[in-house]
Engineer: 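Structure incoming, see below.
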Amino acid sequence: MSTIALVDVNNFYVSAERVFNPKLEGVPVVVLSNNDGCVVARSQEIRALGVTMGEPWFKLRDLVKEHGIVALSSNYALYADISNRVMTILSDFSPRQEVYSIDECFLDLEGIPDLTQTGQTIRQRIRKWVGVPVCVGIAPTKTLAKLANHVAKKRSQYQGVCNFKEMPVEDIDQILASIEVGEVWGIGRKLNAHLQRGGIQTVKQLRDFDILRLRRRFGVVMERTVRELRGEPCLEMAEVSPPKQQIISSRTFGRYVTDLHELEGAVSTYMSRAAEKLRRQASVAATAYVCIRTNPHKDGEPQYSPGMMIGLPHPTNDTRELVQAVLTCLHRIYRDGFRYQKAGVMLSDITPEGISQGELFASQPVTPKASKLMSTLDQINRKMGEGVLKLASDGVEQEWKMKRGNKSPAYTTRWDELPIVR
DNA sequence: TCTGGGGTCCTAGGACCC
DNA sequence: TCTGGGGTCCTAGGACCC
């Protein structure tokens with residue numbers, strides 16, 4: 001029998017902001033997506049107002065005035081740093097940790113006595129050492145641990161730690177019968193609707209339903225989910241994250257772009273970022289992709305959203321080659337007379353660097369000289385700040401860059417933005 | 001005026017092979 | 001008009017996650 005804990009920071013982005021700005025405590029706070037477009041994190045007070053995830057910010061104007069909502073632009077440097085601190089502390093509790101996302105991780109707690117107490121220790125330590133609140137769910141499988149975590153968050157009697165491992169079966173049944181099936185990890189909007197229509201409303205109903213019928217109707221993913229709900233582990237702990245099979249970099253512009261030259265700058269910049277990510281995981285890509293699009297929400301305006309894939313002469317991670325390839329594509333798909341809102345690039349057919357296949361046809365692999373140049377570029381940008389050194393094609397003005405109207409300082413990652421205590 | 005960004009896995013269907 | 005039975009590989013699209 002395995003024992004897995006899911007530890008998750010409550011309202012992560014909002015909690016991270018509150019660490020350095022205690023005035024935000026008790027105040028309704030939202031964190032907005034890039035370009036301050038829509039809501040990506042909500043404090044408890046915001047949830048209570050009925051604001052949903054992903055809601056466009058401009059639709060909340062009235063609510064803002066009425067309730068004194070504080071809206072912050074997203075500050076990824078801060079969140080990444082807080083996340084690292086949390087994950088490092090959590091790694092002390094188990095030799096096996098899977099960092100699942102920026103704000104949550106699985107821990108293998110097999111063999112540890114006093115699980116609930118351990119959960120409380122985790123909570124207290126993270127609160128004290130980092131300053132953010134976490135909840136802990138403990139169960140024999142990942143899916144159940146997620147569910148236990150949900151219970152820990154929603155029901156105050158558990159004081160932030162819900163442990164299915166040391167709970168009478170009847171109690172677990174009762175809990176599962178009181179939770180809607182859509183809360184289960186892996187049951188999204190569509191599946192939820194499907195199940196509801198079929199008369200499966202609660203988690204318990206799903207758990208106890210005929211597994212063969214579910215498999216036939218919904219496939220193997222559903223089967224795994226149901227087995228996990230029954231306490232049979234089907235999902236392994238993934239301690240080391242495998243290299244990415246595709247790398248995307250895309251952004252909505254801060255304003256509409258019509259000019260090809262400006263699009264070139266954006267696409268070149270995005271590809272530089274993607275290529276850097278590619279090099280960071282020591283990979284090369286054989287295929288590149290670029291797409292641009294107008295604003296699909298604008299009825300009555302001419303719409304155009306082309307994309308184009310290109311195979312590279314040989315797998316590479318050289319920014320210059322990759323940028324050149326996507327710029328060629330961009331020229332092919334660009335049409336005059338549209339107001340473009342967004343551009344993106346993607347790298348795929350990714351393989352580890354140094355394993356060159358199809359050498360016979362490779363015109364020229366990444367040369368040592370190019371490799372040296374790229375790693376120097378990365379080192380300088382890592383040390384001096386993103387985009388300090390870039391290709392000329394990225395452009396100098398970059399007027400298309402996104403808006404982030406109300407970003408908090410990079411408190412922990414820039415010397416000139418350290419918090420000041422008076 | 002204003003609607004994010006980045007991933008994974010699975011399946012179905014088509015092309016092609018013997 | 002009738003028209004086998006596999007297999008593999010690739011792609012597009014759907015569903016999910018945070």
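Every chain is numbered from 1, with letters handed out A, B, ... down the list of sequences.
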Engineer: Closest to the A/R273 side chain: C/dC18, B/dC10, B/dG6?
Structural biologist: B/dG6
Engineer: Whole angstroms only, please: what is the CH2-C1' distance between A/W57 and B/dT1?
Structural biologist: 15 Å
Engineer: Heavy atoms only, 4.0 Å cut-off, all strands: where does A/I187 land among base, sugar-phosphate and nothing?
Structural biologist: sugar-phosphate
Engineer: Would you mind reading off the distance between A/R255 atom CZ and B/dC2 atom C1', rounded to a whole angstrom?
Structural biologist: 16 Å
Engineer: Between A/K342 and B/dG5, does any side-chain N or O lie under 4.0 Å from OP1 or OP2?
Structural biologist: yes
Engineer: Distance check: side-chain N/O of A/K298 vs OP1/OP2 of B/dT3, anything under 4.0 Å?
Structural biologist: no
Engineer: In whole angstrom, give the distance that lies between atom CZ of A/R42 and atom P of B/dG4.
Structural biologist: 16 Å
Engineer: Tell me whether the count of non-hydrogen atoms from other residues, nucleotides or ligands lying under 6.0 Å of NZ in A/K401 goes above 12.
Structural biologist: no
Engineer: Tell me which nucleotide among B/dG6, B/dG4, C/dC17 gets nearest to the side chain of A/T252.
Structural biologist: B/dG4
Engineer: Choosing from B/dT3, B/dC10, B/dG5, which nucleotide comes nearest the side chain of A/N295?
Structural biologist: B/dT3
Engineer: Between A/Q341 and A/T252, is there a side-chain donor-acceptor contact under 3.5 Å, judged purely by atom types and distance?
Structural biologist: no
Engineer: Calculate the interatomic distance between A/W400 atom CH2 and B/dG4 atom P; express it in whole Å.
Structural biologist: 17 Å
Engineer: What nucleotide, of B/dT3, B/dC10, C/dC18, holds the atom closest to the side chain of A/E104?
Structural biologist: C/dC18
Engineer: Under a 3.5 Å distance rule, please check whether A/E228 uses its side chain to pair with a backbone N or O of A/L235 as donor and acceptor.
Structural biologist: yes
Engineer: Just the rounded figure in Å: distance from C1' of B/dG4 to NZ of A/K407.
Structural biologist: 17 Å
Engineer: Answer yes if the side chains of A/T319 and A/R279 hold a donor-acceptor pair under 3.5 Å, and no otherwise.
Structural biologist: yes
Engineer: Counting only side-chain nitrogens and oxygens, does A/K244 get under 4.0 Å of the OP1 or OP2 atom of B/dG7?
Structural biologist: no
Engineer: Does B/dC9 have OP1 or OP2 under 4.0 Å away from a side-chain N or O of A/R224?
Structural biologist: no
Engineer: Assuming nearest nucleotide by heavy-atom distance, tell me which of A/V220 and A/N34 is located more 5' along DNA chain B.
Structural biologist: A/N34
Engineer: Between A/Y13 and A/Y76, how do the two ring planes meet: parallel, tilted or perpendicular, split at 30° and 60°?
Structural biologist: perpendicular
Engineer: Return no unless some side-chain N or O of A/Y256 is found under 4.0 Å from OP1 or OP2 of B/dC2.
Structural biologist: yes
Engineer: In whole angstrom, give me the gap between the C1' atoms of B/dC17 and C/dG4.
Structural biologist: 14 Å
Engineer: What is the distance from CG of A/L235 to C1' of C/dC16, rounded to the nearest Å?
Structural biologist: 13 Å
Engineer: Measuring from the side chain of A/S33 (C-beta onward, heavy atoms only), which nucleotide among B/dT8, B/dG4, B/dG5 has the closest atom?
Structural biologist: B/dG4
Engineer: Could you check which of B/dC10, C/dC17, B/dT3 has an atom nearest any side-chain atom of A/W185?
Structural biologist: C/dC17
Engineer: If I take atom CZ in residue A/F218 and atom P in nucleotide B/dC10, what distance separates them, rounded to the nearest angstrom?
Structural biologist: 17 Å
Engineer: Is there a Watson-Crick or G-U wobble partner for B/dC10 with both distances under 3.5 Å, and if so, which one is it?
Structural biologist: C/dG13
Engineer: Classify the nucleic acid contact of A/V184 as base, sugar-phosphate or nothing, counting any heavy atom under 4.0 Å across all strands shown.
Structural biologist: sugar-phosphate
Engineer: Checking A/Y411 against A/N75: is there a side-chain donor and acceptor pair closer than 3.5 Å?
Structural biologist: no
Engineer: Quick one: A/I248 CD1 to C/dC17 P, roughly how many Å, whole number?
Structural biologist: 18 Å
Engineer: Is any side-chain N or O of A/K146 closer than 4.0 Å to OP1 or OP2 of C/dC16?
Structural biologist: no
Engineer: Does A/L191 reach a base, just sugar-phosphate, or nothing at all? Heavy atoms under 4.0 Å.
Structural biologist: sugar-phosphate
Engineer: Any base atoms under 4.0 Å from A/E223, or only sugar-phosphate, or nothing? Heavy atoms, all strands.
Structural biologist: nothing
Engineer: Is the side chain of A/T287 donor-acceptor paired with the backbone N or O of A/D349 at a distance under 3.5 Å, no angle test?
Structural biologist: no
Engineer: Taking the minimum atom-to-atom distance to the side chain of A/Q245, which one of B/dC2, B/dT8, C/dC18 wins?
Structural biologist: B/dT8
Engineer: Would you indicate what A/D103 reaches in the nucleic acid, counting non-hydrogen atoms under 4.0 angstrom: base, sugar-phosphate, or nothing?
Structural biologist: sugar-phosphate
Engineer: So, is A/S250 close to the B/dG6 phosphate, meaning a side-chain N or O under 4.0 Å from OP1 or OP2?
Structural biologist: yes
Engineer: Looking at B/dG4, B/dG6, B/dC2, which one has an atom nearest to any side-chain atom of A/F58?
Structural biologist: B/dC2
Engineer: Go through B/dT3, B/dG7, B/dG4 for me and flag the one nearest to the A/K277 side chain.
Structural biologist: B/dG7
Engineer: Checking contacts here: which listed nucleotide (B/dG4, B/dC2, B/dC10) is nearest the side-chain heavy atoms of A/V40?
Structural biologist: B/dG4
